[in-house]
Amino acid sequence: MRATDGPTTPLSMKPVARAFFARPVVEVARDLLGCVLVHETRDGRTSGMIVEAEAYIGEDDPACHAAPGPTDRNEPLYGEPGMAYVYFIYGVHWCFNAVTREEGSPSAVLVRALEPLDGLPLMQRRRPGIASDVGLTNGPGKLCKALGITGDLNRKPLQRKPLVVREGDRVSDKDVEVTPRIGITKSADWPLRYIVRANKYVSRGKVSA
DNA sequence: TCGAAGATTGTCT
DNA sequence: GACAATCTTCGAG
């Protein structure tokens with residue numbers, strides 16, 4: 001299945017090329033599954049395999065931040081594909097996106113969940129009280145906190161440190177599941193959420209008790 | 001200048 | 001299952 005049969009480490013994987021992001025956003029979202037997000041800070045390195053991603057399709061998508069047209073906030077969406085778009089939400093959480101480009105349309109992929117690989121102790125330090133590794137990164141706000149991602153990384157290229165997306169093992173089509181997006185009110189039924197089937201690190205949106 | 005909404009999460013009932 | 005926390009952004013007046 002994944003990188004369990006070799007000495008593969010995130011550092012031995014090469015960063016994904018900028019051209020990877022200069023494609024239709026739905027293709028990028030699907031292909032990001034299995035890739036590895038690596039963040040290096042002075043505290044150490046944390047990384048995780050992307051197991052859940054959502055596509056936001058430019059100005060024609062009511063749920064996309066670009067829907068109202070260009071503003072100060074969504075300006076990164078109109079910039080170079082392959083950049084980070086990090087924004088603060090609900091006054092509490094950071095969310096990480098990768099900027100893509102679909103025929104000139106400002107679009108992005110929201111990374112919603114990771115399977116932790118490197119720096120587990122550091123992630124746990126950043127998220128005190130979380131005993132299980134599953135709970136560290138199974139949500140967009142959670143993974144940003146675990147990896148130490150903040151607005152400082154907004155508009156930073158994802159091809160070089162400190163924040164890098166590296167090539168991982170490609171997830172086969174039969175292991176990819178497509179569902180409606182989570183946590184939004186506009187065009188919420190559009191099937192633009194891509195997840196690794198049966199992966200326990202995938203978020204569940206509104207968690208039911 | 002003011003008010004409302006938001007791509008979430010954790011806690012309480 | 002329901003709701004509060006907390007703040008940035010944007011549209012309206």
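First the proteins, then the strands, lettered A, B, ... as listed; each starts at 1. If you're wondering where the values come from, they're calculated on a predicted model, not measured in any experiment.
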Basic-acidic side-chain contact under 4.0 Å: A/R155, A/E75: yes

Working note: A/F88 + A/R73, criterion side-chain contact (heavy atoms from CB on, under 4.5 Å); need CA distance, chi angles, decisive distance, verdict. CA-CA 10 Å; A/F88 200 47; A/R73 182 203 207 190; over 6 Å; no

Go through the structure and list residues passing salt bridge (Lys or Arg N to Asp or Glu O under 4.0 Å) with A/D31, not counting sequence neighbours. A/R23, A/R170

When rounded to whole Å, the CD to C1' distance for the pair A/E52 and B/dA7 reads 11 Å

Min side-chain heavy-atom separation A/E52-A/V196 under 4.5 Å: no

Set of residues satisfying salt bridge (Lys or Arg N to Asp or Glu O under 4.0 Å) with respect to A/R197, sequence neighbours excluded: A/E177

Evaluate whether atom CG of A/D43 has more than 12 neighbouring non-hydrogen atoms of other residues, nucleotides or ligands under 6.0 angstrom away. yes

Separation of A/L77 atom CG from B/dA7 atom C1', in whole Å? 12 Å

Could you measure the distance from the CG atom of A/L37 to the OG1 atom of A/T137? Nearest 0.5 Å is fine. 10.5 Å

Going by an N to O cut-off under 4.0 Å, is there a salt bridge joining A/R45 and A/E40? no

Establish, with yes or no, whether the OP1 or OP2 oxygen of B/dG6 is under 4.0 angstrom from a side-chain nitrogen or oxygen of A/T185. yes

Salt bridge flag under 4.0 Å for residues A/D173 and A/R30: yes

In whole Å, I'd like the distance from the CG atom of A/L143 to the P atom of B/dT9. 8 Å

Pairs touching residues 40-69 of chain A that satisfy ring pair (Phe, Tyr, Trp, His ring centres under 6.0 Å), sequence neighbours left out: A/H65-A/Y85, A/H65-A/Y87

What is the distance from CD1 of A/I149 to C1' of B/dT8, rounded to the nearest Å? 15 Å

B/dA5 versus C/dC3 - spacing of their P atoms, nearest Å: 16 Å

From CZ of A/R127 over to P of B/dT9, roughly how many Å is that when rounded to an integer? 8 Å

Taken to the nearest whole Å, NZ/A/K186 to C1'/B/dA7 is 10 Å

Would you say the side chains of A/D61 and A/S187 form a donor-acceptor pair under 3.5 Å? yes

Please, what dot-bracket string fits DNA chain B when only Watson-Crick and G-U pairs with both distances under 3.5 Å count, crossing ones use [ ] and pairs to another strand use |? ||||||.|||||.

Check the interface with nucleotides 10-13 of chain C: list each N/O to N/O pair with the protein under 3.5 Å, or write none.
| residue | atom | partner | partner atom | Å |
| --- | --- | --- | --- | --- |
| C/dC10 | OP1 | A/T71 | OG1 | 2.2 |
| C/dC10 | OP1 | A/R73 | N | 3.4 |

Can you measure A/N97 atom CG to B/dT8 atom P for me and round it to whole angstrom units? 11 Å

Considering only nitrogen or oxygen atoms on both sides, find all protein atoms under 3.5 Å from nucleotides 5-7 of chain C and state each distance.
| residue | atom | partner | partner atom | Å |
| --- | --- | --- | --- | --- |
| C/dT6 | O2 | A/Y90 | O | 2.0 |
| C/dC7 | O2 | A/G91 | N | 3.4 |

Would you kindly give the OH-to-C1' distance between A/Y85 and B/dA7, to the nearest whole Å? 9 Å

